[in-house]
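In what follows, a single structure is set out as structure tokens and then discussed.
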Amino acid sequence: MRITDTTHVLVLTGAGISAESGVPTFRDAGGLWEGHDVTEVASPEGFAADPLLVWRFYSQRRAGMQGIEPNTAHRALVDLERRLGDRFLLATQNVDGLHAAAGSERIIEMHGALMRSRCTRCDRPPFADTTAYRAGVAPMCGQCKARGVDALLRPDIVWFGEMLPEGAIAQIEAFVRRAGRNLAFVAIGTSGLVHPAAGLVEAARRVGGTSYLVNLEAPANVTAFDHVVLGPATREVPALFT
Ligand code: APR
């Protein structure tokens, strides 16, 4: 990919970029949703029906992050950001925190963060929480408890049917508008099925930008991209930006 003094790069990442670090994807064989009904473990209705089941699911995912490190694809994005500064923006659907761990700074976590919790009732800000809660114990908000109110904690994850974090989409759209024809939109390791992330390739096209896809296999929306590289992210992402 040719990068000039005016090139603006918007990167969208999905579970595929972390797969080679050892984080399971969602929709591949052996993926996270296999054996789980998405609406049971990743929706407000599922949480209302069975908070313990939901906490077991996310507790397993938290425990599964032990010893997991960013890979060369995450690191290639850090190098690119250092080159481009404010002409770079990283929108991730991942909740694993590996982009920040690698050193990326201009990140929009569209779907929240696995290692953060928040109260379902009070407006205390989401807080860092790596606890894998033991089965049978639903975590409660300590601040509410101090006021004599029982309120469940929940993972700070954007579930199906929920709004994205305030300002996330606006920030991405502003970047796309500012970049215009100088935009290079690069999607990495995402099946392109979940909106609004899946619609970004069209947004890039509308402003006259160029789109790239790096993915192990051709996803459903593959024809929407100008350039497609099929292969593992750890090999293809560093190669794309050299
Ligand atoms: N390198 C590149 N791509 C890979 C690799 C790899 N090593 N391994 C897998 N992939 C690709 C798969 O081929 C697949 O197309 O990554 C994609 C992962 O797709 P999904 O599992 O659907 O993950 P994602 O697109 O991030 O899911 C989007 O859906 O379940 C919700 O909120 C959840 O953020 C998630 C969203």
Side-chain angles (χ1 to χ4, degrees), residues 10-47 54 57-58 60-62 64-65 68-77 90-100 102 107-116 154-165 168-169 172 185-201 211-225 227-241:
L10 170 63
V11 178
L12 169 70
T13 61
I17 196 168
S18 298
E20 290 163 87
S21 289
V23 184
T25 60
F26 292 93
R27 293 175 182 79
D28 296 311
L32 280 170
W33 297 143
E34 218 177 53
H36 290 282
D37 180 343
V38 175
T39 52
E40 275 178 11
V41 295
S43 75
E45 296 77 18
F47 187 69
V54 174
F57 176 72
Y58 287 100
Q60 278 169 11
R61 292 183 62 192
R62 283 182 177 177
M65 287 304 297
I68 299 274
E69 303 279 350
N71 62 48
T72 55
H74 297 103
R75 285 196 287 274
L77 296 180
L90 172 56
T92 187
Q93 301 169 89
N94 297 345
V95 297
D96 57 33
L98 290 180
H99 286 301
I107 315 176
I108 295 178
E109 289 179 322
M110 302 174 78
H111 293 171
L114 178 61
M115 297 298 186
R116 261 193 337 245
R154 59 164 282 176
D156 191 24
I157 300 265
V158 179
W159 285 327
F160 288 98
E162 292 190 311
M163 306 268 286
L164 261 50
I169 290 297
I172 295 168
F185 171 67
V186 185
I188 303 167
T190 174
S191 57
L193 291 172
V194 178
H195 282 271
L200 288 179
V201 63
S211 57
Y212 298 78
L213 172 72
V214 180
N215 214 60
L216 201 52
E217 296 160 350
N221 66 343
V222 66
T223 53
F225 289 85
H227 304 278
V228 175
V229 181
L230 296 183
T234 55
R235 190 182 74 204
E236 302 301 344
V237 175
L240 185 65
F241 299 124

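Order of listing sets the numbers, starting from 1, for every ligand and every atom in it. Atom set for the values below is all heavy atoms of this structure, side chains included, hydrogens, waters and symmetry mates excluded.
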Next on the checklist: Within the 3.5 Å criterion, strictly below it, is a donor on Asn71 or Thr234 matched to an acceptor on the partner's side chain?
Outcome noted: no
Next on the checklist: Tell me the protein heavy atom at minimum distance from atom 25 (O) of ligand 1, and give that distance in Å.
Outcome noted: Thr190 OG1, 2.7 Å
Checklist entry - For atom 18 (C) of ligand 1, which protein heavy atom lies nearest, and how many Å away is it? => result Gly189 O, 3.7 Å
Checklist entry - Considering only the protein, which heavy-atom contact is closest to atom 32 (O) of ligand 1, and what is its distance? => result His111 ND1, 3.2 Å
Checklist entry - Taking Glu45 for the side chain and Thr39 for the main chain, is one N or O donor matched with an acceptor at less than 3.5 Å? => result no
Checklist outcome for this item: For atom 7 (N) of ligand 1, the closest protein heavy atom turns out to be Glu20 OE2, 2.8 Å
Next on the checklist: Would the distance check show the side chain of Asn215 and the main-chain N or O of Gly189 forming a donor-acceptor pair, the cut-off being under 3.5 Å?
Outcome noted: yes
Checklist entry - Is the shortest distance from a heavy atom of Asn215 to ligand 1 less than 4.0 Å? => result yes
Item to check | Ser18 and His99 side chains, donor-acceptor separation under 3.5 Å | outcome: no
Checklist outcome for this item: A student checking ligand 1 against Ala19 at a 4.0 Å heavy-atom cut-off should list atoms 8 (N)
Checklist entry - Say you draw a straight line from CD1 of Ile108 to CD of Gln93; how long is it, rounded to the nearest 0.5 Å? => result 12.5 Å
Item to check | Side chain, backbone, both or neither: Gln93 near ligand 1, heavy atoms under 4.0 Å | outcome: both
Checklist entry - Does Gly231 have a heavy atom less than 4.0 Å from any atom of ligand 1? => result yes
Item to check | Atoms of ligand 1, numbered as shown, that sit under 4.0 Å from any heavy atom of Phe160 | outcome: 30 (O), 31 (C)
Item to check | N/O separation below 3.5 Å, Pro232 to ligand 1 | outcome: no
Next on the checklist: How long is the straight-line distance from CG of Leu12 back to CG of Leu213, given to the nearest 0.5 Å?
Outcome noted: 9.5 Å
